[in-house]
Every structure is written in C-alpha cells, then in structure tokens.
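Step one of this worksheet: look at the structure below.
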Amino acid sequence: MHDSIGIPACFSSGEKQSDEAATVGRSGQSVFMSAYRTKLAGQCRLITVTWCKNLLLHGLCVSVQGSKSDEHHRCKVEMKPWHFWKKQGSKHLVVDGRTVNVVWDIKTAKFNGETEPQSDYYVAIVCEEEVVLLLGDLKKDAFRKTGCRPSLIEPILVSRREHVFGKKKFSTRARLNEKGNFHGISIEFNDSDHGSGPKLEVRVDGKLAVQVKHLQWKFRGNESISIGKNGVEVYWDVHDWLFESGPRHGLFIFKPISSPPVRGQPISVSAPSSPDHEALMNPPPENIDDRSRFCLFLYAWKVE
C-alpha cells in the first residue's frame with residue numbers, strides 16, 4: 001500500500017504520453033525528461049533519461065527504444081531519503097537480445113534545489129563495451145568504473161520536456177541546445193485584460209518575446225523570435241486553460257531554427273491547430289544541423 005503514494009509518473013509502465021502528463025498534473029511533481037538519439041545494438045534509437053522529484057522521493061528512469069518505435073525498455077532507480085540505499089550502482093536491461101547496462105554515481109551530486117543534478121555525478125549507458133551515452137561531469141570516473149571505451153557516434157540531444165506549476169505565472173531556466181547558455185523563460189496568463197479578453201505573454205531573459213491578445217481566438221499558434229543571434233520558433237497550445245476545468249496544462253514548444261526572423265518582417269500566427277509533435281521530433285535530415293533538431297517542450301500546469 002505504501003508504494004501507491006508519491007511514485008513518480010515516470011515509474012509507471014506502459015502509459016501513453018497523454019496519460020503520463022495527466023499523472024504528473026495530479027501529483028504536482030517536478031519532471032525533467034531528456035531524449036537523445038544515438039546508435040545502440042546496431043540501430044539508431046531514442047534514449048530518454050527522466051528525473052522526477054516530489055516530497056517523498058527522487059527518481060531516475062532510463063528508457064531505451066526497442067526495435068519498434070512504440071516499444072520501450074526501462075530501468076528505474078528510486079532515491080528514497082529514509083533508506084540507506086547506495087547512491088552508486090548499476091542495473092541492466094535487455095534490448096533486442098543485447099545487454100544494456102545503466103551505471104550511475106550520484107553520491108556527491110549537487111542538485112542545488114533542482115530536480116536533476118547540476119554537477120559531481122555521472123549516469124552512463126553501456127552496450128557492447130561502448131559507453132553510448134554519458135551524462136554528468138565525472139566522465140573519467142565513469143570510464144574507469146565501466147572499463148569501456150566511448151562510442152564513436154556522439155549522441156544528439158533531441159528534446160527536453162519539463163513540467164512547471166503555477167496560477168498565472170510559470171517560470172523556468174533552460175538551455176535551447178545541449179551546449180548553449182541557460183535562459184530564463186517566463187509565461188504569464190492574464191484572463192481579464194480590460195475588455196480585450198485573455199492575454200498571454202512569453203518572456204525570455206526578462207524581455208518580452210511573444211504577446212498574444214484575444215487568446216480565446218488564438219489559443220493555438222506560433223511565432224518566430226530572436227534570442228541573441230539565434231532564431232527560435234515558439235509554439236503554444238492553451239486550449240485547456242480556457243475551456244477545461246481542474247488541473248490542466250498549456251503546452252509551449254521552443255524549437256531553434258536556422259535563421260532568426262528579419263526585423264520589421266510581419267509575423268504570421270497560425271490557425272488554431274495542434275502542433276505536430278512527431279514532425280517536430282523527427283525533421284527531414286537534409287539541410288538541418290544538429291541544433292535545429294532540438295525541441296524544448298514546456299508543460300505549464302495551471303492550478304487554482
């Protein structure tokens with residue numbers, strides 16, 4: 001009976017993404033998911049690393065895509081503060097007949113109040129004597145512990161998913177590519193803007209990037225913005241904020257694009273239609289660099 005309380009959504013097995021989002025909304029937990037594309041067991045696959053945190057425990061989950069796109073093999077680690085559990089260790093799973101080892105060491109990890117560790121840790125995924133994915137800054141320790149060589153193919157960060165909670169304002173700090181700087185992202189929802197209807201504002205590093213008035217008609221759309229010298233396409237879908245009740249989330253997607261918008265050029269806002277998540281995650285390979293393959297998915301949960 002005790003296991004039914006406070007288990008992170010990433011620890012439930014076999015759920016669809018929509019079901020998992022609903023579970024996160026009910027629990028109010030913090031979740032960070034990073035998806036990497038790399039070669040493992042002779043095939044290009046997605047590896048998803050999820051960090052979860054609530055009042056009771058921390059959780060780490062590694063999911064490896066199987067031979068079928070909707071098949072996933074999972075390795076889960078619960079970090080319960082009241083147990084004398086080992087903060088370093090390993091687990092294995094079998095993917096298409098190949099053994100995959102997940103090796104971690106977070107005994108000195110610094111979280112600095114965040115859900116995922118910020119420094120002094122490693123998480124390594126090993127297959128066929130190659131470290132196919134290595135997270136954290138203790139890389140020498142990871143290679144020494146596993147005794148394996150680095151993969152010749154460098155993993156590509158495909159997406160990050162984050163869940164944040166608030167009443168009218170939602171804030172986070174995130175990178176828009178794996179090696180870029182952190183940016184402060186804030187989203188503010190105003191449902192009574194002096195007769196003009198609901199309004200939405202998105203700010204990056206304190207600067208207004210997107211403003212949408214008459215949100216009841218423009219609850220889905222996209223705009224191109226500039227962050228420094230880089231272009232970013234921002235998608236939003238806040239239908240549930242306006243037309244549903246109970247815990248509900250708005251979805252915001254930040255996708256780097258090859259060139260920033262031209263100053264003074266009119267920006268078109270799309271008709272109300274949901275963004276194609278699959279197309280954003282899997283763009284055509286031609287004329288696309290690694291940076292423009294990335295998407296940041298931000299789920300903003302509106303709580304009363």
Side-chain angles (χ1 to χ4, degrees), residues 21 24-25 30 32 159-177 180-277 279-281 283 291-304:
V24 172
S30 177
F32 286 80
S159 71
R160 280 180 60 85
R161 299 173 185 267
E162 180 179 350
H163 295 258
V164 294
F165 297 82
K167 292 185 177 180
K168 293 187 176 182
K169 189 170 183 178
F170 312 85
S171 301
T172 188
R173 294 183 73 250
R175 291 188 176 102
L176 295 177
N177 61 72
N181 296 324
F182 276 97
H183 296 280
I185 298 174
S186 67
I187 297 163
E188 190 164 358
F189 172 69
N190 190 332
D191 56 1
S192 57
D193 192 34
H194 304 294
S196 64
K199 183 175 72 172
L200 174 71
E201 292 184 347
V202 179
R203 297 179 182 271
V204 179
D205 296 330
K207 298 179 181 178
L208 182 64
V210 176
Q211 184 180 66
V212 185
K213 297 181 179 180
H214 304 290
L215 198 60
Q216 69 273 29
W217 308 115
K218 301 175 183 178
F219 50 84
R220 296 189 183 109
N222 62 285
E223 284 191 16
S224 298
I225 66 172
S226 295
I227 299 179
K229 297 181 180 180
N230 301 315
V232 175
E233 194 76 12
V234 180
Y235 300 81
W236 66 88
D237 181 346
V238 295
H239 173 275
D240 289 359
W241 279 2
L242 299 168
F243 305 112
E244 299 293 338
S245 60
R248 55 207 186 275
H249 72 268
L251 173 60
F252 297 83
I253 304 174
F254 297 79
K255 179 173 176 58
I257 54 180
S258 56
S259 59
V262 178
R263 180 172 296 180
Q265 179 179 339
I267 297 174
S268 61
V269 178
S270 68
S273 61
S274 298
D276 187 342
H277 299 181
L280 289 171
M281 290 280 288
R291 183 182 62 187
S292 62
R293 294 175 186 267
F294 174 78
C295 286
L296 169 65
F297 294 83
L298 189 60
Y299 296 82
W301 288 90
K302 194 171 184 295
V303 294
E304 302 300 334

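All values below come from the heavy atoms of this structure, side chains included, with hydrogens, waters and symmetry mates left out.
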Subject >> Value rounded to 0.5 Å, distance of NZ in K218 from NZ in K213 >> reply: 9.5 Å

**OP:** Could you label the plane-to-plane angle of the Y299 and F297 rings as parallel, tilted or perpendicular, counting under 30° as parallel and over 60° as perpendicular?
**Re:** parallel

**OP:** Measure the shortest side-chain to side-chain distance between I187 and L298 over non-hydrogen atoms and say whether it is less than 4.5 angstrom.
**Re:** yes

Original post:
Of the options V210, L215, D191, N190, which is the one that meets L200 in a side chain to side chain contact (heavy atoms under 4.5 Å, CB included)?
Top reply: L215

**OP:** Could you tell me which non-hydrogen atom of P198 sits nearest to which non-hydrogen atom of Q216, and how far apart they are?
**Re:** CD-OE1, 3.1 Å

Subject >> Salt bridge flag under 4.0 Å for residues E162 and R160 >> reply: no

Original post:
Which value, rounded to the nearest 0.5 Å, describes the distance between K168 atom NZ and K302 atom NZ?
Top reply: 7.0 Å

Original post:
Quick one: CG on L251 to NE2 on H239, what's the gap to the nearest 0.5 Å?
Top reply: 13.5 Å

Original post:
Are F189 and W236 close enough that their ring centres sit under 6.0 Å apart?
Top reply: no

Original post:
Distance from K207 atom NZ to I225 atom CD1, nearest 0.5 Å?
Top reply: 11.5 Å

**OP:** Report the C-alpha separation of L296 and I185 in whole Å, then their side-chain angles, then the decisive distance to 0.1 Å, and conclude whether the side chain to side chain contact (heavy atoms under 4.5 Å, CB included) test is met.
**Re:** CA-CA 11 Å; L296 169 65; I185 298 174; 3.8 Å; yes

Original post:
Of all heavy-atom pairs between H163 and W301, which one has the smallest distance, and what is that distance?
Top reply: ND1-NE1, 3.0 Å

**OP:** Find the distance between CZ (R203) and OG (S171) and round it off to the nearest 0.5 Å.
**Re:** 11.0 Å

**OP:** Taking salt bridge (charged side-chain N to carboxylate O under 4.0 Å, His left out) as the test, write out the residues that go with K169, two or more places apart.
**Re:** none

Original post:
Do the rings of F170 and W241 sit parallel, tilted or perpendicular, given the 30° and 60° boundaries?
Top reply: parallel

Original post:
Of the non-hydrogen atoms in E223 and A209, which two are nearest, and what is the gap between them?
Top reply: OE1-O, 4.2 Å

**OP:** List the steps and the verdict of side chain to side chain contact (heavy atoms under 4.5 Å, CB included) for E188 and K199.
**Re:** CA-CA 8 Å; E188 190 164 358; K199 183 175 72 172; over 6 Å; no

**OP:** Give a yes or no on whether the backbone of S224 and the side-chain of N222 come within a donor-acceptor separation of less than 3.5 Å.
**Re:** no

Subject >> side chain to side chain contact (heavy atoms under 4.5 Å, CB included) assessment of F252 paired with V238 >> reply: CA-CA 8 Å; F252 297 83; V238 295; 3.7 Å; yes

Original post:
What's the shortest heavy-atom distance between V232 and I257, and which atoms?
Top reply: N-CG1, 3.7 Å

